[in-house]
Structures are given as C-alpha cells and as structure tokens.
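First the structure, in the form of structure tokens, and then the observations on it.
The sequence lines fix the lettering, A, B, ..., with proteins before strands; numbering per chain opens at 1. The figures here come from the full heavy-atom set of this structure, side chains too, leaving out hydrogens, waters and symmetry mates.
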Protein chains: 2
Amino acid sequence: MGSKNRITIKEVAQRAGVSIATVSRVLNNPESVTDEKRERVRGVIEQLHFNPDPAARALSNRSFKTIAVMVPNIINPVFSLIVRGIIHSLDKNNFDVLLYDTEEDFGREQQVVSGLVQKMVDGLIAVAGTGKEISFTELSKRIPVVLIDRPDNVSPVDKLSVDDREGMHTLVAHMAERGYTRIALVNGTKGNISANSRARYFQQALEEQGLPCSPEQIVYSGWTLAYGKIGLNELLSRNLNVNGIICATDIIAMGVMHAAAELGISIPGDMGVAGFDNSPLGEYVSPTLTTLQYSSIEIGKESVRAILRRFEEPGASLLKQTYSLPLIARQSTQGPASSGSVSPPGGTQEAQDPWKETDS
Amino acid sequence: MGSKNRITIKEVAQRAGVSIATVSRVLNNPESVTDEKRERVRGVIEQLHFNPDPAARALSNRSFKTIAVMVPNIINPVFSLIVRGIIHSLDKNNFDVLLYDTEEDFGREQQVVSGLVQKMVDGLIAVAGTGKEISFTELSKRIPVVLIDRPDNVSPVDKLSVDDREGMHTLVAHMAERGYTRIALVNGTKGNISANSRARYFQQALEEQGLPCSPEQIVYSGWTLAYGKIGLNELLSRNLNVNGIICATDIIAMGVMHAAAELGISIPGDMGVAGFDNSPLGEYVSPTLTTLQYSSIEIGKESVRAILRRFEEPGASLLKQTYSLPLIARQSTQGPASSGSVSPPGGTQEAQDPWKETDS
DNA sequence: GTGAAAGCGCTAACAT
DNA sequence: ATGTTAGCGCTTTCAC
C-alpha cells in the first residue's frame, strides 16, 4: 500500500544545493527565500515530480485539511444535495471530504462518531440521522462539530436546522385554504426525533386551523419511497375519510402518490398530497408535488461557514440557527375535484435545473 | 486546528510502567504481550481516553486506509448508488472514502486527479465523468486506480464498464418488438465518450434491426433532467415523425417524459420512451420507465474488490470487465396506442426498495 | 536569508 | 516478552 521509492524534501534539497529548511520554506513561505534559490528549488521540485508527504505534513501541522461528513442515506437527493453544497464550498477552502453513509443505521452512526477521534479529520458535519441521540460532547472537545437537522439537546455544538413548526403550519394552512380539511400525516420512522417534531407541530397546526385532530391521523412508517406505500395503506385502513396527506419528506410523498395511483385514487382530485423538503424530482412527477423549499445546497454551504468559523474562533458562542421553509405550491394540492382547480399563488419558487445546482 | 494537549503513547507507557514499544504492541499485536501487562496498558488507555495519532501512524505505516472516489455528479442516483456500494464494502475492510464531486466539470476532474498524489489516499476509484480523457498513468504508478464506466484507452489500470453495445441492442430490439420502429436517441453531452459510444451502438442496432437510420435521429443534449426537455424539443423540431425515444440515461428519460406530458404527447401511446441505467425512481414516475438493469451497488462493490486485489497483488494482470444490462420492461414502452397494450414479458427484474438497498 | 537540529507520535528492527 | 533506538518526512525554532 501507499507507495515505493518516494522522493523526499531531502533529495530536493541536495539536488538544489540548499538545506531542507529552505525547501520547506519555498513550499510554505516562498517570500522568505531569495528569488534565485526559490526558482532553483522549484525547478528541482518540478523535474523530480516531488510531492510533499501529506502524512508527515499532518504530523507536524496537526491539520489534515479534511472534514468528515456523515449522512443517513446518500441516495436521498436531499442529502446528496447537502453533500454537494458541503463539498463545493469546502473545496474552495482546500478541504477534502471524508464521507460516511450510515445507511440509516444507528449502530453505524455510533461507530462512525466514536471512531472519528482516531481519524485524520479536522471536523465533522453530521446530517440528520436515525433520530436516536448521540452525544457529540466528547468528540467536540477535539474537533469542531456542526449538526444539520439533527435534534440534539445535549451536545454543545453548532446547529443548523429547518423550522419544523413553521413548515407544518405553512403546509396545513395551504391545504386548508385549498379545501383539504381532513388532513393526515405520513411520517418517518417511529421514534425518530425529526419525526416526533414534525408530528407535534402537525397537531399544533391542525388545532390552530381549527381542523379535526386525533392521533390516528398520524402514521409512522419510514423514510424511503417504499414506505410511502406502506404508510398510505396503513392510513387507508384506518378509515378516517382523509382528503389530504402531508408527508414528512418528498420521497415519502412520491411513494404515497405512486401507491395512490395504483389504487385509483386521483390526486389532487380525490386527495391532496404535499411533501416537505423540495426534492429535485418533485417537479418531474405527475402531478407535480407541492412541498416546502428546503435549500439543501445552501444549508450545506452554511454548515461549512460554521465549521470554518470555529477553526478561527474556537471559543465563539454556540450557533443555533433555524431555516424557514417557503411554500412551493404545485399541482398535487390544486384542490379537490368538486372545488375546481386554483391557479398557484405568487411567491412560489422552483429551481431551474435541480440536478445540477452548481451556483456560486 | 487539530487538537490541544494530546495524550501520547509515551504518557500511556509511563503510567502503565512499560515502554512505548509495549504500548504499541498491545495496540497492534496484542498476543505478543503478557496478559498482565496487556490488561494494565489497556486500563490506562481506557482511563486516559488515549487514541493513537493517525498521522503518526500513517507516517510510519505508509498507509492511510482511505480511498478516493471521484464522481461527476453525486446527485444523480446512479452515482450515489455506486458510492453507497463502494462505501459499504470499503467500510468492511476498514477503509474510509474521500469523496470528490466534480460537478461534471473537466477542470475539476483534472485538478482532483493531479492533486491526488499529495493526498492521504491509498487508491482511487473514478466513476464516469465528462467524457474527456484524463491519463491516470502517472497516478497509477503511486496508487491503484480503478475506472468505472470511464472509457479510457491510455491508462494501464483496472476497468469496469457497462456493455453499451449489448444495451443498445437490447433496447432497440425491445422497442421494435413493441411496435416502435422510428426510433431516436436523446443522448448526453456532445463529445462525451460514453455518449459517443452509445450513439455508435445505437446506429449499429438500428441497422441490424433493419430500421431507418440517419444521423438526425441522434440528439446530443446533456445528462440532467432539464436536458431531457431540451433534447426532446430539439428532436421534435427536426420533424422526423419519431415514435420511440431511447435516452442515454434514465434521468434524461424522465426529463423527456415530463416535457412530453407538457406537450400533450401521450406515453406510451404516441411515443415509447426508454432509459438506460435503472434509476430508482424509474418505477415511481408515470408511466413507469422501461430501462436496463444497471446494478450500481454491485458495480461499486466490484470496484472495491478490484482495488483490494491490487493491494495484495500489485502486479496482477489488468482487469477489463464489462457488465451486461438485462432489460427492465415497464409501461413507457407498452406499445403504440393502435397496437393495444402488451403485458410485460418474463425475466423482468425490479428492486424492492431502491432507496435503501443495503443488501449483503 | 539560511542552515542545523529538535521535535511531531508512532512502528519496527534490534538487542537483551 | 520487553526495552532501546532509529527512523518515517516535514515544520519550525534558534543561531549565525
């Protein structure tokens, strides 16, 4: 493994007729060396294809220029977008990304976090997860940790998260306005903290809208496409005569819509459906999916800012930021068949080419 | 950056009343130490929360236990599935993954590859790309390199790729059988090697089926959803009276289908549409998408096998493996309106929960 | 401005 | 079985 007859700073020094210190200087502090020697050394570096050994460098520097990123499921577009945002802006700062995909497994999650202390990383960005809490307290004593959409009441670390409360209120109000008044929630995994949070605010929103509200209106299933179907079936089996479904994520919503189509349920005519996190495919399914604008890429970038800030001011006060979620009204909530379709209101926002958001 | 008052092997040694060599041994070769001392040392390690410094380790070992993975677009499910496969099986071998998302940019691609020599990685897995060639020859002298779906005639490295020829033949034959005889190809970016390859075999397949075949039947656009629409418009503007469209990827196909729906073109009635690489959402769009089974996760895992093999036998002969692509017939090619719908043939394969393929 | 030399924390060969 | 010691390749004082 690794490599063979390496060229070292020492060889470069000899060939250039200078000391290794000088070579190191032209590498890290070029101004502090005479023009002549600098060029001479650079020449040798070039011709020998010399590359400083990163491990040796790290050993001296105590820095790896690498950030670990942990996601529950790299296949979910929402997370891959966040990862893209992170990689994009980390790259500009010459950091690389060590990616951990925990496959929504709590064991893996714990394993990754506890293993991190002996990995060559300068920081960790942990995105969502299984919903069971992990303490980042210990790890955060060694390296900066930033949490994205990861409910956590114990770790003293920077946190970014969507405002579930506002989001649920927006969605419920929108559906009510469009004439869907018997609304259910198809949620993620039971026990997941995000799922709990969405459930709580869902109920709260129903109450504030004066809509019927019972625990039966919430179905817990899971976070993937296939669980959308399972969730819908469970919901239908409860005979609640629901006419609107809010889903905890767009992916779940797509699963629900697909299953509904198979059952001959017309959307939005028989049933309104809404997602939560603006997956790129939401505009490409039929009917197009009403959802909330979750700016994955931006959040990824913001998390990078947070972590870089902490490198500079390790003692800065703890960040606790929430994102609001503007409504993206599309066809899937256009109104029940009887009420006729309504044209979308203003303020709706859509990405242009969601599969290649390479802005800024 | 990094960390503060680190605990070193030296401290552990002192507290345990042994030499640093012994501590190192209990870390790497526990059997070679007396039970008593071993436990004593372990106790101290535990209580001091000691973690061996990975950089120092790497410097001695010349191994980082890290593999770089370069993809053109982490948001595309096909690539994120490959990445998942790679991470999954690399993890079992205690390797981490350094992820590079080049955002389909050739400059980034070059930059990543040339920068890799001074990164803490033991190998590279490069997945597809912009289609412009990069030589991996130099890099492969230092670390093993494995290419996935990356046409390359110059680098002496291990290669895995789909069989475009077979794939195109399968698709064209299928469409012809279903009654779509005026077939066009909506391809990826002009100049991309994969696109060229698919185009060549598309023509070849048309000829073998005795179907009309002119260069106009091929439209080059791009690899994302939005380009599907662009490609369709371009194709329609050519007035070729096409009734079947093969797309170079499923993502493009979904873009095409979406655009077709907007234009009032009925699929599969007016037009048959097929994709190429079995994106997880293919079953969830409407109509469901006919495609080829591209086993992303498996290919990812296979690439890991290849790279591990090369660690063991650096001199092993060059791998050049191609994957066949079984047909997945779905609704989007069910036959033109006039011919009535045909039930899907046997041998069709579908994943159960494509968003969470955590097998083996 | 430049060189000599002392680490950085660990592994492994060598000696006991 | 265990300790001593010499690196691994680079950065960084500290003199000159």
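Here Lys132(B) pairs with Phe106(B), Thr130(B) under the side chain to side chain contact (heavy atoms under 4.5 Å, CB included) rule; sequence neighbours left out. Judged as a salt bridge (Lys or Arg N to Asp or Glu O under 4.0 Å), and not counting sequence neighbours, the contacts of Asp101(A) are Arg84(B). Listed by chain and residue number, Arg309(B), Arg310(B) satisfy the salt bridge (Lys or Arg N to Asp or Glu O under 4.0 Å) test with Asp158(B) (two or more places apart in sequence, or in another chain). Annotation: side chain to side chain contact (heavy atoms under 4.5 Å, CB included) contacts of Ser155(B) (sequence neighbours excluded): Ser135(B), Phe136(B), Thr137(B), Asp152(B), Val157(B). Residues satisfying the side chain to side chain contact (heavy atoms under 4.5 Å, CB included) criterion with Asn94(B), sequence neighbours excluded, are Lys65(B). Not counting sequence neighbours, the partners of Ala16(B) by the side chain to side chain contact (heavy atoms under 4.5 Å, CB included) test are Val18(B), Arg40(B), Val41(B), Val44(B). Qualifying side-chain hydrogen bond (donor to acceptor under 3.5 Å, both in side chains) partners for Asn93(A), counting only residues two or more places apart in sequence or in other chains: none. Among residues two or more places apart in sequence or in another chain, the salt bridge (Lys or Arg N to Asp or Glu O under 4.0 Å) test is passed with Arg15(A) by none.
One can place CZ of Arg142(A) at 13 Å from C1' of dG9(C), the figure rounded to the nearest angstrom. Atom NZ in Lys10(B) sits roughly 7 Å away from atom P in dC8(C) (whole-Å rounding). In this structure, Ile45(A) places its CD1 atom 14 Å from C1' of dG9(D), rounding to the nearest Å. Distance Arg62(A) CZ to dC10(D) C1': 13 Å, rounded to the nearest Å. Distance Gln14(A) CD to dA4(C) P: 12 Å, rounded to the nearest Å. For Arg6(B) and dG7(C), the CZ to P distance is 18 Å, given to the nearest whole Å. Remark: P of dA1(D) and CZ of Arg40(B) are 16 Å apart, rounded to the nearest angstrom. As rounded to whole Å, 16 Å separates atom C1' of dC10(D) from atom CD1 of Ile7(A).
Side-chain nitrogen and oxygen atoms of Asn61(B) include none within less than 4.0 Å of the OP1 or OP2 phosphate oxygen of dC10(C).
When distances are taken from the side chain of Ser24(A) to each of dT11(D), dG9(D), dT11(C), the shortest belongs to dT11(D).
Backbone-only contact: Thr8(B) has heavy atoms under 4.0 Å from sugar-phosphate atoms and none from a base.
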Report all interatomic pairs (protein N or O, nucleotide N or O of nucleotides 2-6 of chain D) with separations under 3.5 Å.
{"unit_1": "dT2(D)", "atom_1": "OP1", "unit_2": "Thr34(B)", "atom_2": "OG1", "d": "2.2"}
{"unit_1": "dT2(D)", "atom_1": "OP2", "unit_2": "Thr34(B)", "atom_2": "N", "d": "2.8"}
{"unit_1": "dT2(D)", "atom_1": "OP2", "unit_2": "Thr34(B)", "atom_2": "OG1", "d": "2.7"}
{"unit_1": "dG3(D)", "atom_1": "OP2", "unit_2": "Ser19(B)", "atom_2": "N", "d": "3.0"}
{"unit_1": "dG3(D)", "atom_1": "OP2", "unit_2": "Ser19(B)", "atom_2": "OG", "d": "3.2"}
{"unit_1": "dG3(D)", "atom_1": "OP2", "unit_2": "Thr22(B)", "atom_2": "OG1", "d": "2.5"}
{"unit_1": "dG3(D)", "atom_1": "N7", "unit_2": "Arg25(B)", "atom_2": "NH1", "d": "3.3"}
{"unit_1": "dG3(D)", "atom_1": "N7", "unit_2": "Arg25(B)", "atom_2": "NH2", "d": "3.4"}
{"unit_1": "dG3(D)", "atom_1": "O6", "unit_2": "Arg25(B)", "atom_2": "NH2", "d": "2.5"}

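Of the residues in residues 50-60 of chain B, those lying under 4.0 Å from DNA chain D by heavy-atom distance are Leu59(B), Ser60(B).
Remark on the helix from dG1(C)-dC16(D) to dT16(C)-dA1(D): inter-end axis angle 40°, axes from five-pair C1' superpositions, rounded to 10°.
Residues Phe64(B) and Phe64(A) place their aromatic rings such that the two centres sit no closer than 6.0 Å.
Among pairs with a residue in residues 49-59 of chain B, those fulfilling side-chain hydrogen bond (donor to acceptor under 3.5 Å, both in side chains) read Arg62(A)-Asp53(B), Asn28(B)-Arg57(B), at least two apart in sequence or across chains.
The closest side-chain donor-acceptor pair between Asp91(B) and Tyr100(A), if any, does not fall under 3.5 angstrom.
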